[in-house]
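Reading through the structure tokens given below for one structure.
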Amino acid sequence: MKHRKEEDLAVPMSSMIDIVFLLLIYFIITAKDEVSEAHLAVNLPAPGRSKAGDTKPQLLEIEVYEGQYSLRGVFLSLDNLELALRRFRDPELTVIVKVSVQARARDLVAVLDLCQGQGLNKLNVVTLR
Amino acid sequence: MKRRHDEDLQTPITAMIDIVFQLIIYFVVTSSVDKDIVDESIRLAEASHAPAVETSDPRTVIININAKGRVNVALQPINNMQQLENLLLSMKVQSGSSVPVLIRCDGSTRFDHVDQVMQRAAKVGLYRVRIAAMVDE
């Protein structure tokens, strides 16, 4: 009887270790899933404030339409926009992203993402009507 | 020798069942906690440059906008924008004007739906909002 009890105590270890490994794998997988989201911080204009008043010397305007982008009035593809933005790697530069109501959220996110990639963090989103 | 082998095979089952029950309880608890924050039907737009967030402020107000422009907060549908404005206002009163607002919009949502939400946020004085994107590797 005593012999049997000793065996009973010794055996579950291997299965427990198996399950501990499973738990470990589960936590690793879920932890990766949670961090795969990026949050792009933007500033919104105050309602009713005219923009003509504030003239900032360092200002970059990007317009976003459905699948189309323009930088300072010149239409560019997304790849060319990225190349063009490389010349403006100044973290103090204020970027105004004007978005058409027809545009899709992914167009805006693509532009905001490119700006962040070039270290431009002062992003303002304005709606084009 | 054969007898011992039989015992080895039989013993782990009770311990395994215990742990399986614990796992089930764990999954049930975590899934219900997650669900009231994340709307699984939203497919975020992809971003390749921005860094992934590691910790987010627990005060964050998460506003979900699906592909058709339907808005919900914590899976509670928001049918008119006044309702959203009241909600944002009460969050601002509760946690101050630094309360983070996160907009989780589907990649194919038209911007006018996003704009409506942004306008209400700006109207109550929450000028800094965040737009969620999926980091692709």
Side-chain angles (χ1 to χ4, degrees), chain A residues 3-4 7-16 18-20 22-23 26 30-32 34-49 64-66 82 99-119 121 123-129, chain B residues 4 7-16 19-20 22-23 26-27 30 34 38 44-56 60 65 67 100-115 118-119 121-123 125-137:
Chain A
H3 181 79
R4 207 205 133 130
E7 267 178 21
D8 273 2
L9 275 173
V11 186
M13 285 306 287
S14 60
S15 65
M16 264 167 86
D18 282 1
I19 290 163
V20 165
L22 276 174
L23 274 174
Y26 169 73
T30 49
K32 259 203 170 151
E34 277 169 26
V35 296
S36 65
E37 214 175 84
H39 295 170
L40 305 154
V42 296
N43 292 314
L44 304 177
R49 215 180 77 201
V64 180
Y65 302 95
E66 194 175 354
E82 185 174 9
V99 192
S100 156
V101 288
Q102 306 289 329
R104 303 281 161 176
R106 68 168 74 88
D107 302 323
L108 170 64
V109 168
V111 169
L112 295 177
D113 183 44
L114 281 187
C115 291
Q116 281 226 328
Q118 301 302 322
N121 292 316
L123 303 167
N124 296 272
V125 173
V126 179
T127 311
L128 274 178
R129 274 170 228 282
Chain B
R4 205 205 131 127
E7 269 179 23
D8 273 1
L9 275 175
Q10 270 187 338
T11 357
I13 287 174
T14 46
M16 267 167 85
I19 291 163
V20 165
Q22 287 212 14
L23 274 174
Y26 172 74
F27 281 119
T30 49
D34 278 353
V38 177
L44 297 172
E46 287 181 4
S48 46
H49 301 87
V53 282
E54 268 146 43
T55 51
S56 60
T60 309
I65 311 173
V101 177
L102 176 68
I103 299 177
R104 291 184 86 251
C105 50
D106 195 287
S108 50
T109 312
R110 264 169 49 131
F111 185 72
D112 47 359
H113 300 299
V114 185
D115 175 54
M118 284 179 166
Q119 270 184 32
K123 198 175 168 192
L126 299 168
Y127 302 117
R128 294 189 60 83
V129 300
R130 286 161 186 277
I131 297 170
M134 201 165 60
V135 178
D136 57 343
E137 275 130 295

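Throughout, protein chains are lettered first and strands after them, A, B, ... in sequence-line order, and every chain is numbered starting at 1.
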Looking at B:Ile19, B:Ile103, B:Val129, which has the largest count of heavy-atom pairs under 4.5 Å with chain A?
B:Val129

Only pairs of heavy atoms separated by less than 4.5 Å count here; which of B:Met134, B:Glu46, B:Lys123, B:Met118 has the most with chain A?
B:Met118

Interface moiety of B:Leu126 toward chain A, non-hydrogen atoms closer than 4.5 Å
backbone

For B:Gln119, which atoms come within 4.5 Å of any heavy atom of chain A: side chain, backbone, both, or neither?
side chain

Does any non-hydrogen side-chain atom of [Y] lie less than 4.5 Å from one of [X]?
X        : Y        : result
A:Thr127 : B:Asp112 : no
B:Phe111 : A:Val125 : yes
A:Gln116 : B:Pro51  : yes

Ignoring hydrogens, what is the shortest heavy-atom contact between A:Leu114 and B:His49? Give both atom names and the distance.
CD2-CE1, 3.5 Å

Least distance between heavy atoms, B:Ser48 atom then A:Asp113 atom:
N-OD2, 2.7 Å

Spatial distance of atom CD1 (B:Ile131) from atom NE2 (A:His39) [nearest 0.5 Å]:
11.0 Å

When rounded to the nearest 0.5 angstrom, what distance separates CG in B:Asp106 from CZ in A:Arg106?
7.5 Å

Residue selection (most heavy-atom pairs with chain B, distance under 4.5 Å) from A:Val99, A:Asp18, A:Leu123, A:Val109:
A:Val99

So, the part of A:Val64 with a heavy atom under 4.5 Å from chain B: the answer is neither

